[in-house]
Amino acid sequence: MKGIFIMLLIFTVCKSQLWAQHYITLGLGFSGAFYDSEDLSRFKETYNLVNKQSLSIFMQGIGEAVGLRWEFGYRYLGRLGIAVLVGTQNYIGKDVAQYRNGEARNLELEMNSLYVEFEIGRTHKILFVNGIFTFFFNRTLILESTYSGLMSESPLNGTYIGDTSVSTDMGIAIGILKEPIIITGKITYPIFTRGGSTVLQDKRIEKVKNGTAIFPNDYWDYTYGKTYDGIASDIDGLKILVTVAYAIPLKK
C-alpha cells in the first residue's frame, strides 16, 4: 500500500507538466514463463527413473509455458512516465513421456490470474523505460494429467487444482509510442508467491476415497506406496512479455 501511495503522489505532481500526454490503453500481449519449482523437477526426475526401461521419450519437465495477456489501463507519458494497468494473464505449459509401446503420459499445467500493474520511469521522445510492480490475484493453477493407452484409467489421471493465491513481480519495461500504438517489452521476476502450504488436488469424491486426490511430487514414493507430498501451488518464475496496446489520447 505504501508503494501505491507513492506512485499516486508522483502522478499528481506529474500532471503539472504541460507537455505530457495522457492515454487510455487497451492491449493484448504474448508472454513466456520459465517456472522454477523443485516439486515439478522432482516429479519429472522420479517419473523418468521409475519408467526408464520402458520410455522412448523422457519427460523434460514443465519448465516453460506460453500465454496471453489482456490489459486495460491508463498511461501517462511525460519526463516521468507512469502507467496503471489491469487485466488477465494466462499461461499453459505441457510435458509428455512416451512409452516404447506407443502409450503416453501427458501433463498440461495452466495458470490463470487477474493482475494490477504499476509502472514508473523516464520518457525520452517516443521511448520510455519503466520499473514494474505487478500484483497477481485470483491466481489458480490447473494440472491436467492423462494417459493414452491400455491404462487410460490410471489413478494418476485427473484435474488437479491449486487453491487461489496471490503473487507479486518486479521488473522492467521498455516501450515505444507510435500513436495510436504502444509496443512494450517486459521482463519480470516473482518476489513473493503464496501457495507453498497448499498442494494441487483433484477433490472429486472418488479420488478422495481412493487416496489419489493429491498429485505427487515424488513418483517413486507414489508408485511404491511410500508417504509423499503433493506439488505445492507456489509454482512461479521469470516472465517475458511483449504487448501491443491501442492508445486513446485524453489530453494534449
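Just so you know, these numbers use all the heavy atoms, side chains as well, and skip hydrogens, waters and symmetry mates.
Distance alone, capped at 3.5 Å, places no donor-acceptor pair between the Arg122 side chain and the Gly81 backbone. Side chain of Thr46 to backbone of Tyr219: a donor-acceptor contact under 3.5 angstrom is found. Side-chain N or O atoms of Thr123 include one that pairs as donor or acceptor with a backbone N or O of Gly78 at under 3.5 Å. In terms of modelled atom types and a separation under 3.5 Å, the side chain of Arg100 and the main chain of Leu55 share a donor-acceptor contact.
Residues Glu71 and Thr25 have side chains that never bring a donor and an acceptor to within less than 3.5 angstrom of each other. Arg105 and Ser145 form a side-chain donor-acceptor contact under 3.5 Å, judged by distance and modelled atom types alone. Defined by atom type and a distance below 3.5 Å, a donor-acceptor pair is present between the side-chain atoms of Glu110 and Asn90.
Cluster annotation: Leu127 and Ile183 are assigned to the same hydrophobic cluster (Ile/Leu/Val/Met/Phe/Trp/Tyr, side-chain heavy-atom contacts under 4.5 Å, transitive). Under the 4.5 Å side-chain heavy-atom criterion for Ile, Leu, Val, Met, Phe, Trp and Tyr, Ile161 and Leu156 are members of distinct hydrophobic clusters. Linking ILVMFWY residues whenever their side-chain heavy atoms come closer than 4.5 Å, directly or via other members, places Leu107 and Leu49 in the same cluster. Note on Tyr222 and Trp220: same hydrophobic cluster, where clusters join Ile, Leu, Val, Met, Phe, Trp and Tyr whose side-chain heavy atoms are under 4.5 Å apart, directly or indirectly. Both Phe118 and Phe192 belong to a single network of hydrophobic side chains, linked directly or stepwise wherever heavy atoms of I, L, V, M, F, W or Y lie under 4.5 Å apart.
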Problem set entry | Trace of the side-chain contact (heavy atoms from CB on, under 4.5 Å) decision for Val116 with Leu85 | CA-CA 6 Å; Val116 178; Leu85 308 171; over 6 Å; no
For this session: Take Val244 and Ile181 through the side-chain contact (heavy atoms from CB on, under 4.5 Å) test and state the conclusion after the steps.
Result: CA-CA 7 Å; Val244 178; Ile181 300 299; 3.8 Å; yes
Exercise. Can Tyr228 and Asn217 be said to form a side chain to side chain donor-acceptor pair (under 3.5 Å), step by step?
Worked result: CA-CA 7 Å; Tyr228 60 86; Asn217 68 346; over 6 Å; no
Problem set entry | Pair Arg69-Leu28, side-chain contact (heavy atoms from CB on, under 4.5 Å): steps then yes or no | CA-CA 6 Å; Arg69 168 187 173 110; Leu28 171 66; over 6 Å; no
For this session: With side-chain contact (heavy atoms from CB on, under 4.5 Å) as the test, would you mind laying out the steps for Thr168 and Phe136 before giving the verdict?
Result: CA-CA 6 Å; Thr168 56; Phe136 296 97; over 6 Å; no
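Taking all atoms of both residues into account, the shortest heavy-atom contact from Asp39 to Gly230 is OD2-O, 3.8 Å. Taking both residues in full, the closest heavy atoms of Ile231 and Pro216 are given as CG1-O, 3.7 Å, listed atom of the first, atom of the second, then distance. Closest of all the heavy-atom pairs between Phe128 and Glu119 is CE1-OE1, 4.1 Å. What you find for Gly162 and Ser233 is that their closest heavy atoms are CA-OG, 3.4 Å. Considering every non-hydrogen atom in both Gln89 and Ser31, the closest pair reads NE2-OG, 3.0 Å. Contact record, Gly196 with Ala232: O-CB, 3.9 Å, taken as the closest heavy-atom pair.
Taking 4.5 Å as the limit, some side-chain heavy atom of Ser148 sits within range of a side-chain heavy atom of Asn106. Between Ile235 and Leu40, the closest side-chain pair of non-hydrogen atoms falls below 4.5 Å. Proximity of Lys186 to Ile132: side-chain heavy atoms (C-beta onward) are separated by under 4.5 Å at one or more points. You'll find the side chain of Asn112 stays beyond 4.5 Å of the side chain of Thr88, heavy atoms only. The closest side-chain heavy-atom distance from Asp202 to Tyr160 is below 4.5 Å. Between Val129 and Ile172, the closest side-chain pair of non-hydrogen atoms falls below 4.5 Å.
A salt bridge links Lys203 to Asp163: one of the charged nitrogens lies within less than 4.0 Å of a carboxylate oxygen. Remark: Asp95 does not engage Lys44 in a salt bridge, criterion side-chain N to carboxylate O under 4.0 Å. Checked for salt-bridge contact, Lys94 and Glu144 miss the test: no charged N lies under 4.0 Å from a carboxylate O.
Within 6.0 Å of atom CD in Glu38, 12 or fewer heavy atoms from other residues, nucleotides or ligands are found, so the atom counts as exposed in its surroundings. Within 6.0 Å of OH in Tyr246 there are 12 or fewer heavy atoms belonging to other residues, nucleotides or ligands.
Between the OG1 atom in Thr164 and the CG atom in Asn138 there is a gap of 5.0 Å [rounded to 0.5 Å]. Here the straight-line distance linking atom CD of Glu117 with atom OG1 of Thr243 works out to 8.5 Å at 0.5 Å rounding. Distance check, rounded to the nearest 0.5 Å: CD of Glu103 to OG of Ser154 gives 10.5 Å. Taken to the nearest 0.5 Å, the CG atom of Asp229 stands 9.0 Å off from the CG atom of Asp218. In this structure, the separation between CE on Met111 and CD1 on Ile92 is 11.5 Å, given to the nearest 0.5 Å. Here the straight-line distance linking atom CG of Leu77 with atom CD1 of Ile126 works out to 11.0 Å at 0.5 Å rounding.
Taking the six-membered ring where tryptophan is involved, the planes of Tyr76 and Tyr74 are essentially parallel, since the angle between them stays under 30° and well short of 60°. Relative ring orientation between Phe135 and Phe137 is described as parallel, the plane-to-plane angle staying below 30° on a 0-90° scale split at 30° and 60°. Aromatic ring orientation, Tyr35 versus Tyr91: perpendicular (interplanar angle above 60°, classes split at 30° and 60°).
Among Ile214, Thr159, Thr212, Asn157, the single residue meeting the side chain to side chain contact (heavy atoms under 4.5 Å, CB included) criterion with Lys207 is Thr212. Checking each of Asp236, Asp36, Asp169 against Tyr189 for a side chain to side chain contact (heavy atoms under 4.5 Å, CB included) leaves exactly one that passes, namely Asp36.
By the 6.0 Å and 45° rule, Arg139 does not stack over the aromatic ring of Tyr115.
Between Phe43 and Phe215, the ring centre distance stays below 6.0 Å.
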